Protein chains: 2
Amino acid sequence: MKKLSDKQQRMVRYVDRFLSEKGFPPSIRDIQRGCSISSTSVVDYNLNVLESRGIISRHADISRGIRLLNKSSESRDVLTVPVIGMIAAGEPIPVPTPDTWDVAAVSDTIGVPSELIGGKRNIYALRVKGASMVDALINDGDIVLMQHVNAVENGQMAAVWLKSEKEVTLKKVYVEPDKIRLQPANSQMQPFYTESDNIEIQGRVIAVVRQVN
Amino acid sequence: MKKLSDKQQRMVRYVDRFLSEKGFPPSIRDIQRGCSISSTSVVDYNLNVLESRGIISRHADISRGIRLLNKSSESRDVLTVPVIGMIAAGEPIPVPTPDTWDVAAVSDTIGVPSELIGGKRNIYALRVKGASMVDALINDGDIVLMQHVNAVENGQMAAVWLKSEKEVTLKKVYVEPDKIRLQPANSQMQPFYTESDNIEIQGRVIAVVRQVN
DNA sequence: ATATAGTTAGAACAGGTGTTCTCCATTCTC
DNA sequence: GAGAATGGAGAACACCTGTTCTAACTATAT
């Protein structure tokens with residue numbers, strides 16, 4: 001990939017700054033003035049070069065129809081997800097209540113890029129306590145992003161409450177004839193089988209975030 | 001505060017959707033068509049109402065000069081981190097170059113809440129390929145946030161290149177008399193010892209992000 | 001009913017803005 | 001040096017688009 005000319009780099013920076021300061025893209029004549037370019041056709045020419053390199057996208061005949069690509073362009077905002085409690089092997093996980101969504105009632109929150117959540121609803125977070133989830137490749141202190149659901153599709157990772165064992169575990173859930181197969185995320189580990197009426201789906205695992213040290 | 005009319009609510013939703021889908025604001029005639037409004041002057045009229053209520057801001061005589069206000073307060077900062085390659089057991093990890101930070105050169109990026117990074121510099125991301133890192137509780141497909149450094153403090157998790165084994169591994173690094181101890185994150189696993197001149201620190205692990213399913 | 005504020009319709013105007021055309025300058029290749 | 005490739009200048013055109021004007025239509029209160 002050939003390097004961008006000095007002028008083209010200035011233009012990209014200008015568009016970026018303009019966009020974040022004003023909230024809408026610059027017109028060609030804005031770029032012309034902002035980058036001290038003598039003619040609109042020069043701007044047009046270089047914008048076409050930038051588009052052919054996939055750095056921006058343009059929309060013909062649309063004012064300010066410039067868009068910076070490569071910028072995780074879609075909803076690059078952070079959602080604030082409440083960390084409503086701990087998850088450990090020996091106890092059921094906390095369940096979100098209407099109260100939980102009150103800003104005041106939650107002591108801890110975590111910022112999450114909205115792309116990780118992808119529009120899902122009923123999202124909350126739990127902090128993992130203890131090393132009982134290592135077979136799900138989840139460590140002590142990790143944050144698990146959960147979606148509050150009562151059932152999951154085959155193969156989805158879920159927080160499962162084992163009634164007779166009085167234990168919660170994070171496993172991929174497969175419904176098989178007459179029984180349930182709980183498969184650890186670590187494929188080197190053995191699956192676990194149990195009766196369908198021994199389990200209770202407490203939530204679906206959306207993502208795991210671990211901050212090291 | 002008086003309630004917004006049905007039409008005004010539709011307009012706000014339309015602007016929001018348009019903005020996140022296209023990356024630039026709609027024109028008045030876009031809104032007119034999108035909300036099935038009969039006249040541009042009606043759009044103009046209601047936009048003025050919305051502006052006087054502080055819901056949007058407009059810029060006179062500027063095409064598509066509409067901006068949604070309440071969004072800025074919610075979107076805390078996300079850093080866009082380049083995903084510059086893969087990390088696998090058998091090969092050295094890609095190292096960031098000045099080129100890598102070029103907007104054009106990076107194909108993939110990930111949004112990360114700035115709190116995860118905490119002001120650190122030289123951050124990049126790698127996608128994990130293969131299951132060779134399970135003893136670091138890292139799965140195939142996980143994203144590893146790295147900091148480009150040449151040395152780490154005792155006990156910090158690092159990407160270590162083992163020269164004689166020709167292998168990269170993610171371990172906690174401890175300097176001991178005459179040798180180096182590489183400790184897996186999974187405390188149930190055994191540490192690995194090697195000579196100090198057999199290793200090369202390629203970067204420090206900042207965080208791990210796993211998106212499930 | 002009358003008045004008033006709020007809202008809508010339709011059209012036209014004027015400036016903003018993307019586009020394009022022609023000519024020119026520089027650099028590189030052969 | 002001829003020619004191609006790249007980049008630039010200036011102007012003009014045509015459409016996009018914000019704005020404005022007039023007239024009419026609701027709704028509510030007087």
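Everything quoted here is computed from the prediction, not taken from an experiment. These numbers come from the heavy atoms of this one structure, side chains and all, not from hydrogens, waters or symmetry mates. Letters A, B, ... mirror the listed sequences (proteins, then strands); counts begin at 1.
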Whether B:Arg181 engages the ring of B:Tyr174 as a cation-pi pair (distance to the six-membered ring centre under 6.0 angstrom, angle to the ring normal within 45°) should be assessed.
yes
For the pair A:Arg210 and B:Asp142, find out whether any cationic side-chain nitrogen is under 4.0 Å from an anionic carboxylate oxygen.
no
Quickly work out the [X] [atom1] to [N] [atom2] distance and round it to whole Å.
{"X": "B:Leu47", "N": "C:dT8", "atom1": "CG", "atom2": "C1'", "result": "15 Å"}
{"X": "A:Tyr45", "N": "C:dT22", "atom1": "OH", "atom2": "P", "result": "18 Å"}
{"X": "A:Gln32", "N": "C:dT17", "atom1": "CD", "atom2": "P", "result": "12 Å"}
{"X": "B:Phe24", "N": "C:dT17", "atom1": "CZ", "atom2": "P", "result": "14 Å"}
{"X": "B:Ile31", "N": "C:dT8", "atom1": "CD1", "atom2": "P", "result": "14 Å"}

Show the numbers, then the answer: is there a side-chain contact (heavy atoms from CB on, under 4.5 Å) between B:Val212 and A:Val205?
CA-CA 7 Å; B:Val212 180; A:Val205 179; 3.6 Å; yes
Which atom pairs, donor and acceptor, lie under 3.5 Å between side-chain atoms of residues 133-140 of chain A and protein residues at least two apart or in another chain?
from	atom 1	to	atom 2	distance (Å)
A:Asp135	OD2	A:Lys171	NZ	3.2
A:Asp140	OD1	A:Gly130	N	2.7

Between B:Asn46 and C:dG6, is there a side-chain N or O to OP1/OP2 distance below 4.0 Å?
no
Do any N or O atoms of the protein come closer than 3.5 Å to N or O atoms of nucleotides 12-20 of chain D, and which pairs are they?
from	atom 1	to	atom 2	distance (Å)
D:dT17	OP1	A:Ser63	N	3.4
D:dT17	OP1	B:Arg64	NE	2.9
D:dT17	OP1	B:Arg64	NH2	2.4
D:dG18	OP1	B:Arg64	N	2.8
D:dG18	OP2	B:Ile28	N	2.7
D:dG18	O3'	B:Asp61	N	3.2
D:dG18	N7	B:Arg29	NH1	3.0
D:dG18	O6	B:Arg29	NH2	2.9
D:dT19	OP1	B:Asp61	N	3.2
D:dT19	OP2	B:Arg58	NH2	3.0
D:dT19	O4	B:Thr40	OG1	3.2

Indicate the atoms forming the closest heavy-atom contact of B:Ser164 with B:Asn198, along with that distance.
N-OD1, 2.8 Å
Residues which pass ring-ring contact (aromatic ring centres under 6.0 Å, His included) with A:Tyr14, listed by chain and number, not counting sequence neighbours:
A:Phe18
